[in-house]
Amino acid sequence: MTHLDSELTMLKADIIDMWRLVLNQMEKGRDALNNFDRDLAEEVVENEKRVNSYELKIDKDCENIFALFQPVATDLRLVLAALKIGNNLERIGDIAASVADFVLDADTDFNKDILEHTKILEMYAVANEMMADTLEAFDKEDTRLARTIFKRDKILDKIDEEALDRVEESIKNYPDQVRNCLLVLSMIRKLERVGDQSKNIAEEIIFYFEAKVLKHKKKKKKEGDE
Amino acid sequence: MSNKIETIDVNLHYGDFHALKDISLGIPENSVTALIGPSGCGKSTYLRLFNRMNDLIPETRITGKVLLDGENIYKIKATKIDALRRNVGMVFQKPNPFPKSIFENVAYGLRVNGITDKSFIEGQVEKTLHQAALWDEVKDKLKKSAFELSGGQQQRLCIARALAIEPSIILMDEPASALDPISTGKIEDLIFELKSEFTIVIVTHNMQQAGRVSDYTGFFYLGSLIEFGKTRKIFTNPSKQETENYISGRFG
Ligand SMILES: Nc1ncnc2c1ncn2[C@@H]1O[C@H](COP(=O)(O)OP(=O)(O)O)[C@@H](O)[C@H]1O
Ligand SMILES: [Mg+2]
């Protein structure tokens, strides 16, 4: 193993650790909402600092590798992917923390019916599964798995689109839960972004392992469609 | 972009030793092409095809075509070889100025080509010393011996000497490998300046240097051309695993 190889192995390990931490934040956020567990919500908000410092560490490691090793080709793509994945994970960490903050803004339990009807728990389930699968795709170099992310983002988009109507219905059904219903709508708007971040991460994984810049192709196609 | 130089199915043997194997490659005009690869892979041999310097090595056998501006330089009349070598300047690893003054080093090529017009020679010396980014450093000591210059300055003097006879191609065989980083930087800047007027082919062991100075890169291994392409592509996403291993320092 070359010196550079060992630096890259450590970088990968840091990325994976950060990934697990952020996924854990998302899971705790869901549990805090579902069980109206304020202590857990506090913990998630508090832990955001750790997520941020992981991102800084990864940035610093990448900077050092660029300066000291001048990586090329596959090595270069890994360092670039690490930078962007770190950045996207940090944003998911932000989202997890803001949702936990919304939980802290509630005065009473979230009615189970509302959580069900607005599909926010389903949203959490899909988003967390996307995160777990991108992590596995990165770890196992599985670009096929990474490609399954794009479809699932559409599920989140759909829940987000329907949210206004569903929240309105929930307010009619439970007039005493107006505040919580509005909080759920805010949460859904935030969680929708996790899908976009996961999509970015999946693109980076494909870029790293297949050396294809999917982003530009997709953009062009989208522009053409619209 | 048209090709200034083209080799087609070139094979070269030194006696029994097969040093270049079926090399077909086009080198674009007014650009910098870097040749990289481990020691002994045939880079210098390939470079020496273009000014027919390999002809000077006994028991050398060459087959295939080497086209310069579309003309096969191995089919030209012997009397035209001098003109070929004027058109193809060469700079070597170790600066090799003549034991003469700075001025005479640059004027040398003009004088051996029969030019006697004093003011033309003076003009040409000044112009090429400017081109070689050396003028400001030597303008007050043109009569001094070239050996009084630093290694980096000597190398730029050799470049000026090559430029004085107005070649269209400049071959550089590891031109900066004996120089310190500052002098190396100056040579690299100079190469960047010169490419608008010349076609430059440079052999280098320094991978980052190849990345910095060249537009195209060819990777040689054991006498074969493994991969040739835009430098940006070679250093970000080469097509061949051997190229990737070499440029990322995981060779062998
Ligand atoms: N004059 C020569 N006679 C015999 N073999 C030579 C001669 N010059 C070079 N070679 C051999 O040809 C191969 C290519 O050499 P060269 O072109 O100098 O490689 P590079 O420049 O890539 O280091 C080497 O194996 C070298 O030993
Ligand atoms: Mg050589």
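For the numbers below, each heavy atom of this structure counts, side chains included, while hydrogens, waters and symmetry mates do not. Everything numeric here is computed off the predicted structure, so don't read it as measured data. By convention in this document, chain letters (A, B, ...) are assigned in the order of the sequence lines, proteins followed by strands, and residues within each chain are numbered from 1.
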Taking all non-hydrogen atoms of both residues into account, name the closest pair between [X] and [Y] and its distance.
| X | Y | answer |
| --- | --- | --- |
| D75(A) | S248(B) | OD2-CB, 3.5 Å |
| T236(B) | L76(A) | CG2-CD2, 4.1 Å |
| T2(A) | G249(B) | CG2-O, 4.2 Å |

**OP:** Report the C-alpha separation of T74(A) and E244(B) in whole Å, then their side-chain angles, then the decisive distance to 0.1 Å, and conclude whether the side chain to side chain contact (heavy atoms under 4.5 Å, CB included) test is met.
**Re:** CA-CA 8 Å; T74(A) 308; E244(B) 166 118 20; 2.6 Å; yes

**OP:** Mark yes when over 12 heavy atoms from residues, nucleotides or ligands other than K21(B) sit less than 6.0 Å from its NZ; otherwise mark no.
**Re:**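 Check passes, neighbour count above 12.
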
Original post:
If you count the non-hydrogen atoms of other residues, nucleotides and ligands that lie under 6.0 Å from CD in E141(A), is the total more than 12?
Top reply: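 Yes - once you tally the heavy atoms of other residues, nucleotides and ligands closer than 6.0 Å, there are more than 12.
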
List the atom pairs, with distances to 0.1 Å, where a side-chain N or O of residues 13-23 of chain A and a protein N or O form a donor-acceptor pair under 3.5 Å, not counting sequence neighbours.
unit_1, atom_1, unit_2, atom_2, d
D14(A), OD2, K57(A), NZ, 2.7
W19(A), NE1, M131(A), O, 3.3

Original post:
Can you name the residues that form a ring-ring contact (aromatic ring centres under 6.0 Å, His included) with H205(B), not counting sequence neighbours?
Top reply: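 In terms of ring-ring contact (aromatic ring centres under 6.0 Å, His included), with neighbours along the sequence ignored, H205(B) is linked to no residue.
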
